[in-house]
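Heads up: the structure comes next, in structure tokens.
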Amino acid sequence: MMISLIAAVGKNNVIGSNGDLPWYLPDDMAFFSKTTKGHHVLMGRKNYDSIPAKYRPLPGRVNLVVTRNRKIEEDGIQLFHTIENAVEFAKSAGEEELFIIGGGEIYMQTLSMADRLYITHVDANPTGDAHFPKFDAKKWKTTELLNHPEDERHDFAFKICIYDKI
């Protein structure tokens, strides 16, 4: 099973601020949805809680939520207390590509096990409290998928790249 991290990242590695995205990029959100649809998505509880209620659980995906809280019960999610158990669940279900979708702590704990990164590089330096971990791009083969300018629908220009571990 391939393990992939997918994230939109500012030039300063910020990915979130107060439980929300620091930008509005609808074409990137469409890319995220299209790329992860039909797959297992693994996230931390805070990241899950930050998804607007009308989109929770993320439709068309198996939502794996990792938390230390043993009292959470919510329909439509699979709850785990370790990342390893969530990964094993996806693998035993026959998943071909598991997507790690955040937040910052989860990315930090899973970067070393990733085979692929889908990174939207946002041309911005927002303030925020959640960060994507630094990684050495020289250890990854980079493919640029899309270069999108800032426009009336998008707060910032961005570039979507895939990084495959060498």
Side-chain angles (χ1 to χ4, degrees), residues 3-69 72 74 76-80 83 86 90 97-135 137 140 142-163:
I3 297 178
S4 298
L5 277 58
I6 187 167
V9 182
K11 292 195 288 188
N12 56 358
N13 283 6
V14 167
I15 59 172
S17 179
N18 296 315
D20 202 359
L21 296 173
W23 40 64
Y24 180 68
L25 304 170
D27 287 352
D28 179 57
M29 291 301 283
F31 171 79
F32 170 86
S33 181
K34 182 178 118 210
T35 304
T36 61
K37 192 89 48 147
H39 293 280
H40 287 67
V41 292
L42 185 156
M43 68 200 92
R45 188 218 22 100
K46 288 185 216 169
N47 192 55
Y48 181 76
D49 289 346
S50 76
I51 298 168
K54 66 181 178 179
Y55 299 115
R56 270 192 334 234
L58 292 173
R61 288 153 267 208
V62 179
N63 288 240
L64 311 178
V65 179
V66 178
T67 181
R68 290 181 204 96
N69 186 339
I72 293 176
E74 191 164 333
I77 66 171
Q78 298 289 328
L79 199 61
F80 298 92
I83 290 168
E97 185 172 14
L98 169 64
F99 284 90
I100 312 292
I101 66 169
E105 271 300 308
I106 298 293
Y107 287 135
M108 194 177 319
Q109 292 178 43
T110 58
L111 181 61
S112 64
M113 64 176 73
D115 303 295
R116 176 175 283 172
L117 310 174
Y118 295 83
I119 304 293
T120 299
H121 295 279
V122 183
D123 190 19
N125 284 299
T127 56
D129 52 13
H131 297 82
F132 194 82
K134 292 184 181 184
F135 65 97
W140 302 80
T142 308
T143 306
E144 189 174 316
L145 293 182
L146 172 71
N147 209 332
H148 196 296
E150 177 182 342
D151 61 24
E152 64 280 346
R153 290 181 54 237
H154 296 83
D155 294 343
F156 303 99
F158 61 91
K159 175 173 65 173
I160 300 175
C161 295
I162 294 178
Y163 296 86

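On a predicted model such as this, the values are computed, not experimentally measured, just so you know. Atoms considered below: every heavy atom in the structure, side chains included; atoms not considered: hydrogens, waters and symmetry mates.
- Residues V14 and P22 share a closest heavy-atom pair of CG1-CG, 4.2 Å.
- For the pair I160 and D28, the minimum side-chain heavy-atom distance is below 4.5 Å.
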N13 and H131: CA distance, side-chain angles, deciding distance, side-chain hydrogen bond (donor to acceptor under 3.5 Å, both in side chains) verdict: CA-CA 5 Å; N13 283 6; H131 297 82; over 6 Å; no

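- Annotation: side chain of E74 is in contact with side chain of I77 (closest heavy-atom distance under 4.5 Å).
- Here the OG1 atom belonging to T67 is positioned 12.5 Å from the CE atom belonging to M43, to the nearest 0.5 angstrom.
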side-chain contact (heavy atoms from CB on, under 4.5 Å) evaluation trace for D115 with E97: CA-CA 10 Å; D115 303 295; E97 185 172 14; over 6 Å; no

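- Contact detail for W23 and G10: the closest heavy-atom pair is CH2-N, 3.4 Å.
- Considering only heavy atoms from C-beta on, V62 comes within 4.5 Å of Q78 through its side chain.
- Looking at every heavy atom in both residues, L64 comes nearest to A86 through CD1-O, 3.6 Å.
- Of all heavy-atom pairs spanning A114 and L5, the tightest one is CB-CD1, 3.5 Å.
- Residue I51 holds its CD1 atom at 11.5 Å from CG of D20, rounded to the nearest 0.5 Å.
- Inter-residue side-chain proximity for H148 and K159 is flagged as unmet; no heavy-atom pair is nearer than 4.5 Å.
- More than 12 heavy atoms of other shown residues, nucleotides or ligands fall within 6.0 angstrom of atom CZ in R153.
- For F135 and Y163, the gap between ring centers is short of 6.0 Å.
- Using a 4.5 Å heavy-atom cutoff, the side chains of I162 and L145 are in contact.
- At least one side-chain heavy atom of L98 sits less than 4.5 Å from a side-chain heavy atom of L42.
- Classification of the H154-F158 ring pair by plane angle, with boundaries at 30° and 60°, yields tilted.
- Judged by distance alone, the side chain of S50 and the main-chain N or O of N47 form a donor-acceptor pair under 3.5 Å.
- A distance of 13.0 Å separates CD1 in I101 from NE2 in H39, rounded to the nearest 0.5 Å.
- Contact annotation: the side chain of I15 approaches that of Y107 to within less than 4.5 Å [non-hydrogen atoms, C-beta and beyond].
- The two atoms that bring N69 and L79 nearest to each other are O-CD2, 4.4 Å, heavy atoms only.
- Summarising the geometry, atom CZ belonging to R116 is positioned 14.0 Å from atom CD1 belonging to I100; distances are rounded to the nearest 0.5 Å.
- Looking at L117 and L111, their side chains come closer than 4.5 Å, going by heavy atoms from C-beta outward.
- Listed for the T36 side chain is a donor-acceptor partner under 3.5 Å among the backbone atoms of F32.
- Between the side chain of N63 and the backbone N or O of L58, at least one donor-acceptor pair lies under 3.5 Å.
- To the nearest 0.5 Å, atoms CG (N147) and NE2 (H121) are separated by 10.5 Å.
- D123 places no side-chain N or O within 3.5 Å of a backbone atom of A157 that could act as its donor or acceptor partner.
- Every residue meeting the ring pair (Phe, Tyr, Trp, His ring centres under 6.0 Å) condition with Y118, not counting sequence neighbours, appears here in chain and number order: F99.
- Side-chain atoms of N12 do not come within 3.5 Å of backbone N or O of T127 as any donor-acceptor pair.
- The side-chain tip of R56 points at the ring of Y48 from less than 6.0 angstrom away and within 45° of straight on.
- Scanning both residues, S17 and G128, for their nearest heavy atoms gives CB-CA, 3.8 Å.
- The number of heavy-atom neighbours closer than 6.0 Å to CE of M113, taken from other residues, nucleotides and ligands shown, is above 12.
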